[in-house]
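Report on the following structure.
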Amino acid sequence: MLSIYNTLTRRKDVFVPIQPGKVRMYVCGMTVYDFCHLGHARVMVVFDMVSRWFRASGFDVTYVRNITDIDDKIIKRANENGETIDKLTQRFIDAMDEDSAKLGIIRPDIEPRATQYIQGMLDMIATLIEKGHAYHADNGDVFYSVRSFAEYGKLSGKSLEDLRAGERVEVDSFKKDPMDFVLWKSAKPGEPSWDSPWGPGRPGWHIECSVMSASHLGRHFDIHGGGMDLQFPHHENEIAQSEGAHGCVMANTWMHNGFVRVDDEKMSKSLGNFFTIREVLKKYDPEVVRFFILRAHYRSPLNYSDAHLDDAKASLTRLYTALRWKEVSTNNIDWNHPQAARFKDAMDDDFNTPEAMAVLFDLANELNKTGSGETAALLKNLGGVVGLLQREPNEFLQGTTQNLYASLFVNNNTFFSPTVTNYDNQKIDELIKVRIEAKKAKNFAEADRIRKELADAGIVLEDTPQGTTWRRA
RNA sequence: GGCGCGUUAGCAAAGCGGUUAUGCCGCGGCCUGCAAAGCCGUUUAGGGCGGUUCGACUCCGCCACGCGCCUCCA
């Protein structure tokens with residue numbers, strides 16, 4: 001039985017799909033005006049893991065993750081760059097797709113773009129006005145009237161009184177209530193706009209998610225996810241809009257992943273302390289980044305630092321080292337196997353990936369002791385359930401993929417710069433041969449010299465019963 | 001000010017009212033020409049003060065500290 005922590009109820013609830021065997025999930029995606037940072041990577045990896053686990057558990061999943069392609073910051077950035085909005089957003093959508101592919105993320109089933117749902121938004125806004133949940137203000141904007149929705153605050157646990165008391169922003173005099181939020185912004189000169197019954201303008205941020213989720217998943221669906229910071233006001237407002245317009249519950253389960261932090265502070269654009277995914281991938285293998293994210297629980301804060309990435313790399317190296325030289329068949333997982341059952345229990349307990357990872361390490365230990373093909377297969381296949389350990393071990397250990405990344409450049413942004421070294425695979429193999437001869441001749445000084453030479457270049461030699469092999473440190 | 005979350009060994013990070021988490025690092029041993037990898041063993045825990053209990057890191061209360069949301073933010 002799968003339990004999920006539901007922000008709405010503030011506890012773990014047993015997951016019961018609306019339609020048996022079917023999961024409909026909506027996740028708030030990116031606003032595409034810049035490269036994705038590690039915080040975005042976490043959302044993508046976490047909900048990729050969630051959808052993979054649902055599928056591994058036999059569910060038919062429809063996973064929708066939207067793209068916000070119209071927004072104040074997009075307009076501003078396009079103006080700054082002297083670039084059209086279309087060109088700007090497409091550029092960063094392409095970059096996002098590249099980044100997420102590197103991280104082993106399976107594309108969501110549907111990735112709707114806000115600008116393609118304007119009509120739906122106009123319809124929903126009209127419905128909200130009709131039902132008394134929204135009003136056309138004197139400045140031309142259309143606002144949602146929070147007072148009209150009795151349950152406003154049920155997700156974030158905030159009351160309108162508390163919110164007003166803590167009001168820190170200049171109150172917009174056109175609003176009936178300071179907490180009212182905009183559904184339709186009337187266009188200012190030079191801004192992109194769409195025609196509407198309330199004059200030319202563009203949608204507010206929140207309305208797009210209400211429309212896109214209903215378009216693809218229906219008015220009532222299973223899971224709505226996103227980063228913690230979207231809980232309020234974004235998700236609270238989505239609920240007010242959707243439930244106000246449709247008169248039914250929007251989503252049964254609300255999932256929120258924790259932040260990525262730097263020095264114990266939230267990584268964010270506004271703080272300027274962010275690292276883009278591609279920046280991090282210059283130094284670290286993408287699977288290391290994925291593992292780094294999955295070895296923490298999705299709701300916990302995750303501190304980013306090179307030391308932690310190094311640690312994750314060493315850990316993942318242990319798993320791949322165990323799988324080295326093993327013939328592994330990708331048969332189905334026997335969930336009755338004690339370790340597989342433990343893995344399943346962990347995942348079923350609100351996606352406890354740290355515990356699931358511990359299972360992988362226990363299997364690696366068993367594999368190192370027994371060399372059992374069955375254990376190797378279980379290790380690799382369980383890893384595959386969360387999108388790990390699917391490469392040839394030597395591809396990971398010897399970093400041969402670095403050559404592949406080296407060829408990827410995006411808009412003058414170096415995507416991956418492999419350690420510049422004169423030691424390509426051929427050179428390494430040659431030196432290993434020379435060293436083997438030296439060893440045969442008992443010339444250990446020469447053998448050690450070669451090993452030292454390679455070690456200085458970041459190549460670690462290992463003499464095994466199968467012969468001499470190597471990996472990158 | 002309001003609401004919420006967290007505090008586990010050198011670092012990272014889980015479960016659990018009593019039985020080895022796990023990984024990295026350190027230390028000792030085995031293996032090795034020597035290493036590396038691996039195996040075996042091992043040192044470091046549960047913010048503070050009370051309470052419940054035969055027994056609490058685990059439940060309850062208070063305090064301290066840290067973080068987040070209340071404004072765009074994954």
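A note on names: the letters A, B, ... follow the listed sequences, proteins ahead of strands, and every chain is numbered from 1. Quick caveat, the model's predicted, so the values are computed rather than measured.
Residue A:H37 is classed as a base contact, given a heavy-atom separation below 4.0 Å to a base. Base contact: A:V260 has a heavy atom under 4.0 Å from a base atom. Within 4.0 Å (heavy atoms only), A:E355 reaches at least one base atom of the nucleic acid. A:R42 comes within contact range of no nucleotide atom at all, as no heavy-atom separation falls under 4.0 Å. Counting non-hydrogen atoms under 4.0 angstrom, A:M44 reaches nothing in the nucleic acid. Using a 4.0 Å heavy-atom distance criterion, A:S159 is classed as making no nucleic acid contact. When heavy atoms are screened at a 4.0 angstrom cut-off, A:G157 is found touching the sugar-phosphate backbone but no base atom.
When atom types are taken as modelled, the side chain of A:R299 and the backbone of A:N257 share no donor-acceptor pair closer than 3.5 angstrom. Distance alone, capped at 3.5 Å, places no donor-acceptor pair between the A:S145 side chain and the A:D180 backbone. When atom types are taken as modelled, the side chain of A:E236 and the backbone of A:K154 share a donor-acceptor pair closer than 3.5 angstrom.
For the pair A:K154 NZ and B:C70 P, the interatomic distance rounds to 21 Å; values are reported in whole Å. Regarding A:N273, its CG atom lies at a distance of 13 Å from the P atom of B:C67, rounded to whole Å. Remark: P of B:A12 and CD1 of A:I293 are 18 Å apart, rounded to the nearest angstrom. Here the C1' atom of nucleotide B:A21 and the CG atom of A:L363 are 14 Å apart, to the nearest Å. Between the CG atom of A:D177 and the P atom of B:C70 there is a distance of 17 Å, rounded to whole Å. For the pair A:F361 CZ and B:G15 P, the interatomic distance rounds to 17 Å; values are reported in whole Å. What separates CZ of A:R261 from C1' of B:G6 is a distance of 8 Å, to the nearest Å. Rounded to a whole Å, the CG atom of A:L319 is 11 Å from the C1' atom of B:U22.
On the C1' atoms, B:A13 is 27 Å away from B:C49, given to the nearest whole Å. On the P atoms, B:C24 is 9 Å away from B:C39, given to the nearest whole Å. For the P atoms, the distance from B:C69 to B:C63 is 24 Å, rounded to whole Å. Comparing the P positions of B:C70 and B:U19 gives an interatomic distance of 43 Å, to the nearest angstrom. B:G26 and B:A64 have their C1' atoms separated by 32 Å, with the value rounded to a whole Å. Taking atom P on both B:U22 and B:C5, the two are 30 Å apart, rounded to the nearest angstrom. Nucleotides B:G51 and B:G68, compared at atom P, are 35 Å apart to the nearest Å. Here the separation of B:C67 from B:C30, taken at their P atoms, is 48 Å to the nearest Å.
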When you look at A:Y117 and A:H216, which way does the side-chain contact (heavy atoms from CB on, under 4.5 Å) test go after all the steps? CA-CA 11 Å; A:Y117 294 80; A:H216 294 287; 2.6 Å; yes

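Base-pair partner of B:C16: not found among the strands shown (Watson-Crick or G-U wobble, both distances under 3.5 Å). With a 3.5 Å ceiling on both atom-pair distances, B:G55 lacks any Watson-Crick or G-U wobble partner. With a 3.5 Å ceiling on both atom-pair distances, the Watson-Crick or G-U wobble partner of B:C3 is B:G68. B:U32 is unpaired under the Watson-Crick or G-U wobble criterion, no partner having all donor-acceptor distances under 3.5 Å. Within the shown strands, B:C63 is the pairing partner of B:G47 under the Watson-Crick or G-U definition, both distances less than 3.5 Å. In a base pair of the Watson-Crick type (N1 to N3 plus N6-O4 or O6-N4) or a G-U wobble (N1-O2 and O6-N3), with each distance short of 3.5 Å, B:C25 is matched with no nucleotide.
The salt bridge (Lys or Arg N to Asp or Glu O under 4.0 Å) test with A:D48 singles out one residue from A:R65, A:R42, A:R290, A:R107, and that residue is A:R290.
Taking side-chain N and O atoms only, A:K76 has no distance below 4.0 Å to OP1 or OP2 of B:C72. Within the structure, every side-chain polar atom (N or O) of A:S156 is placed at least 4.0 Å from both OP1 and OP2 of B:C70.
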Sugar-phosphate atoms are those with a prime plus P, OP1 and OP2; base atoms are the rest. Using that split, label each nucleotide of nucleotides 33-39 of chain B B, S or - for protein heavy atoms under 4.0 Å, 5' to 3'. BBBBSSS

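Closest approach to the A:K158 side chain among B:A14, B:G2, B:C72 is made by B:G2 (side chain taken as heavy atoms from C-beta onward). Side-chain proximity of A:M30 to the nucleotides B:C24, B:A74, B:C69 is greatest for B:A74. When distances are taken from the side chain of A:L163 to each of B:A74, B:C11, B:C70, the shortest belongs to B:C70. Here the nucleotide nearest the side chain of A:L230, chosen from B:A74, B:C69, B:A14, is B:A74.
Taking the six-membered ring where tryptophan is involved, the planes of A:F351 and A:F54 are perpendicular, since the angle between them exceeds 60° and thus also 30°. Using cut-offs of 30° and 60° for the angle between ring planes, the A:Y144 and A:F149 rings count as perpendicular. The aromatic rings of A:F35 and A:F92 lie perpendicular to each other, with more than 60° between the two planes, well past the 30° mark.
Applying the side chain to side chain contact (heavy atoms under 4.5 Å, CB included) test to A:K440 and every residue at least two apart in sequence or in another chain returns A:I436, A:E437. Every residue meeting the side chain to side chain contact (heavy atoms under 4.5 Å, CB included) condition with A:A447, not counting sequence neighbours, appears here in chain and number order: A:R435, A:A438, A:K439.
Along RNA chain B, the nucleotide nearest A:Y298 and the nucleotide nearest A:T31 are compared for position; the residue whose nucleotide lies closer to the 5' end is A:Y298. The residue among A:M357 and A:G29 whose nearest nucleotide of RNA chain B lies closer to the 5′ end is A:M357.
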